[in-house]
Amino acid sequence: MDAGRPVGKHRVPMSDDHRPGIPYRFERTASAAGIRAAHPELAAGAGTGEVVSVAGRLMLRREQGKIAFGELRDQSGSIQLFAGAKWTADFDGFVELDLGDWIGATGEVVATRTGELSVRVEHWVLLAEARRSFGDKWHGITDPDLRYRQRYADLWANEESRETLLLRSRMTSLTRRFMEDRGFVEVETPVLHLLPGGATARPFTTHHNALDLDLYLRIALELHLKRLVVGGIERVFEIGRVFRNEGLSPRHNPEFTMLEAYQAYADYHDIMELVEQLVAHLATELAGTTTIHYAGRTLELAPPWRRATMLEAVAEHAGVEVDLTTPVAELRAVAAARGVPVDDRWGPGKLILELYEKTTEGELWGPVFVTDYPKEVSPLARDHRSTPGMVERFEAIVAGRELCNAFSELNDPDEQRRTFEAQARAKAAGDEEAMPTDDDYLRALEYGLPPTGGLGIGMDRLAMLLTGAETIRDVVAFPTLRPEQA
RNA sequence: GCGCCUCUAGCUCAACGGCAGAGCAACGGACUCUUAAUCCGCAGGUUGGGGGUUCGAAUCCCCCGGGGCGCACCA
């Protein structure tokens, strides 16, 4: 479990009287990637006259008597260090460095006799010693437990871990710019909620001492963002952490990141266009193409994506034509025939949703917008303009998974009150996840919410898609794990 | 929460009822152009923890703990 006790006898911690002279700062003048970019084709054996200072971790070392080579890795990449007894100050000390030690080194950029771009070390300084080793220099660290618990070691030992983290960062940054370019304003709304609203999920609870008040960690951003639209912020978004007190799996972490966006005067058709453009843009910027590979299959993300109603999708994959007028007894029989467990309290809407989720969603490789959900399971979405009992809601399904959830927002306070009341009845009947009535939100709607299209995207799952990760733990720097010592 | 799989040296892995091993790292040494450098030498273990079966257990059984996958819940 423990990757590396202190190893090697000089790894014994020194007494305070004998601390090595670790400087407080180091003036770095070049990065590994910067040096490579500046000298793409330096001839073997050539010098440049350019003296640089680099810093990073010593990842490999090859000694050869009076000379030695090292691989210095910084955030940008790696560069070879070339040291020799004739020109390197404290050459013996350089040779005694351990793999993993942080050092700073100064010298001329040269190409060795074999053509490897290098820094010919004249001076070097120890910046931090690695008292623990980073594992096998060829195999790295593969034990998933160790990788997730000690991400700091994983990031050095495994290139893919670092690339994934950096790609996710660029994805978030590109998303912000994409939204801002379309006039969306980024805001921050409370994490501590009086009521766990905006989604159906079990919340985490916490307590504020001074107010002696039980609070919930948010399960969605939705209701506060729509309050801001009421307040006149016509295009608003937030990229924020939400928390759901549910099981862990390769696709679920208890805290995850949502992008939610609300656009006044727009409907769910406008939001579909926004989603397909955003995802295609990210793929193009990050992967260089909209044709990406995931789980051994190909995904074409270029717009326009297919649109299919939930009932059409169910008809295709479950092989059964149903709708909201189908008798409940018949829907139960259809579900039973396909091994979908049902609850006596469910109405036709919930039965159809379950049928869809259990028989169809996982089969959709996509990308596809599955549209028009039953009102019964969509308390915050607006009635469909032409199909009774349905709402204007869609989910984008990519690789068999929900990537986003969006709708034409319900903006009629009276209708919203009725759907909250229906939720309250469901809760009274035993549905733990039913949404509580939020009176302040109703009051906001009474001030007037214009026609608005809204969107929620799971950024972790988007990152999985764009990095090829098959588990959410690979795109979360520090995934939730059981404590190390039970 | 349930089921299946898994845990051996710091790391990556062998041994699968009969003497716990290798490579890398570490430690000592050789080597003036290496690329996972090479070579010589030396050390490294409560086989996740506990209990049981057996002449003998890393190996078989039971309990506990960590992890992975699936189910349930969900995004």
Side-chain angles (χ1 to χ4, degrees), chain A residues 1-11 44-45 59-71 78-88 91 95-96 98-100 110-118 120 130-150 153-154 156-158 199-202 219-220 242-260 339 341 357-358 361 395-398 400-405 432-433 456-462 464 470-473 479 481-486:
Chain A
M1 224 46 32
D2 194 9
R5 305 162 304 191
V7 288
K9 56 190 178 191
H10 68 287
R11 289 309 190 207
M59 299 306 288
L60 291 173
R61 191 190 49 229
R62 297 175 287 276
E63 299 166 41
Q64 190 148 354
K66 299 289 190 245
I67 62 168
F69 302 91
E71 180 188 316
S78 294
I79 189 78
Q80 178 167 273
L81 299 180
F82 180 27
K86 288 251 179 71
W87 65 84
T88 301
F91 176 75
V95 165
E96 281 172 15
D98 277 301
L99 301 191
V110 302
T112 59
R113 208 177 286 168
T114 54
E116 180 76 24
L117 192 65
S118 308
R120 193 170 181 275
R131 290 190 187 163
R132 296 168 183 264
S133 86
F134 283 88
D136 191 290
K137 68 186 179 188
W138 185 243
H139 297 99
I141 296 172
T142 59
D143 180 356
D145 185 31
L146 218 153
R147 292 186 49 223
Y148 300 140
R149 278 189 204 286
Q150 302 188 30
D154 176 48
W156 288 101
N158 298 305
T200 51
R202 282 159 60 192
I219 58 174
V242 300
F243 308 84
R244 299 189 183 177
N245 206 338
E246 287 150 1
L248 289 75
S249 88
R251 289 162 294 285
H252 300 86
N253 198 57
E255 50 181 302
F256 62 102
T257 302
M258 292 268 292
L259 162 68
E260 287 200 24
E357 287 185 344
K358 295 293 190 294
E361 188 177 274
E395 292 189 356
I397 306 300
V398 184
R401 293 175 197 153
E402 175 186 341
L403 180 69
C404 78
N405 185 17
E432 279 184 44
E433 296 182 345
I457 293 185
M459 296 300 275
D460 308 83
R461 290 191 176 174
L462 186 55
M464 288 170 68
E470 293 189 39
T471 165
I472 196 169
R473 295 184 195 91
L481 299 171
R482 280 194 175 82
E484 220 167 327
Q485 288 170 0

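Chain identifiers are assigned alphabetically (A, B, ...) following the order of the sequence lines, protein sequences preceding nucleic acid strands; residue numbering begins at 1 within each chain.
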Distance below 4.0 Å between [X] side-chain N/O and [N] OP1 or OP2:
| X | N | answer |
| --- | --- | --- |
| A:Arg461 | B:A75 | no |
| A:Lys137 | B:A36 | no |
| A:Gln64 | B:U34 | no |
| A:Arg473 | B:G68 | yes |
| A:Arg149 | B:G67 | yes |
| A:Arg62 | B:A37 | yes |
| A:Arg482 | B:G68 | no |

Both distances below 3.5 Å, Watson-Crick or wobble geometry, any strand: find the nucleotide opposite [N].
| N | answer |
| --- | --- |
| B:G21 | B:C13 |
| B:G41 | B:C27 |
| B:U8 | none |
| B:C2 | B:G70 |
| B:A58 | none |

Check: [X] side chain, [N] base, donor-acceptor under 3.5 Å:
| X | N | result |
| --- | --- | --- |
| A:Asp136 | B:G23 | yes |
| A:Gln80 | B:U34 | yes |
| A:Glu116 | B:U35 | yes |

Between atom [atom1] in [X] and atom [atom2] in [N], what is the gap in whole Å?
| X | N | atom1 | atom2 | result |
| --- | --- | --- | --- | --- |
| A:Arg131 | B:C11 | CZ | P | 19 Å |
| A:Trp138 | B:C24 | CH2 | P | 14 Å |
| A:Asp154 | B:C11 | CG | C1' | 13 Å |

Could I get a table of every N or O pair under 3.5 Å where one atom is in the protein and the other is in nucleotides 13-16 of chain B?
none

Taking the same atom, [atom1], in [N] and in [M], what whole-Å distance lies between them?
| N | M | atom1 | value |
| --- | --- | --- | --- |
| B:C61 | B:G21 | P | 25 Å |
| B:G70 | B:G50 | C1' | 29 Å |
| B:U12 | B:U35 | P | 25 Å |
| B:A58 | B:G17 | P | 13 Å |
| B:C27 | B:C63 | P | 44 Å |
| B:C60 | B:C4 | P | 16 Å |
| B:U47 | B:U8 | C1' | 4 Å |
| B:G10 | B:A25 | P | 16 Å |

For [X], answer base if it contacts any base atom (sugar-phosphate contacts may also be present), sugar-phosphate if it contacts only those atoms, and nothing otherwise; contact means non-hydrogen atoms under 4.0 Å.
| X | answer |
| --- | --- |
| A:Glu63 | base |
| A:Gly247 | base |
| A:Phe256 | base |
| A:Gly45 | nothing |
| A:Arg251 | base |
| A:Leu60 | sugar-phosphate |
| A:Arg120 | nothing |
| A:Asn253 | base |

For the [atom1] atom of [X] and the [atom2] atom of [Y], what is their distance to the nearest 0.5 Å?
| X | Y | atom1 | atom2 | value |
| --- | --- | --- | --- | --- |
| A:Arg147 | A:Arg473 | CZ | CZ | 11.0 Å |
| A:Ile141 | A:Asn158 | CD1 | CG | 6.5 Å |
| A:Glu116 | A:Phe82 | CD | CZ | 11.5 Å |

Quiz prompt | Backbone of A:Arg131 reached by a side-chain donor or acceptor of A:Asp98 within 3.5 Å | solution = no
Quiz item: Can you tell me if A:Arg202 uses its side chain to pair, donor with acceptor, with the backbone of A:Glu246 under 3.5 Å?
Solution: no
Mind listing the closest non-hydrogen atom pair of [X] and [Y] along with its distance?
| X | Y | answer |
| --- | --- | --- |
| A:Ile472 | A:Arg251 | CD1-O, 3.9 Å |
| A:Ala83 | A:Thr88 | CA-OG1, 3.3 Å |
| A:Met258 | A:Gly456 | CE-CA, 4.1 Å |
| A:Asn405 | A:Glu395 | OD1-CG, 3.7 Å |

Practice problem: On RNA chain B, check which nucleotide each of A:Arg202 and A:Pro250 is closest to and give me the residue with the more 5' one. | Solution: A:Pro250
Quiz item: Does A:Tyr148 or A:Gly135 map to a spot on RNA chain B nearer the 5' end, using the closest nucleotide for each?
Solution: A:Gly135
Quiz item: Is there ring stacking between A:Phe69 and B:A37, where the centres must be under 5.5 angstrom apart and the planes under 30 degrees?
Solution: no
Quiz item: Of the nucleotides B:C69, B:C33, B:G67, which one has an atom closest to the side chain of A:Thr112?
Solution: B:C33
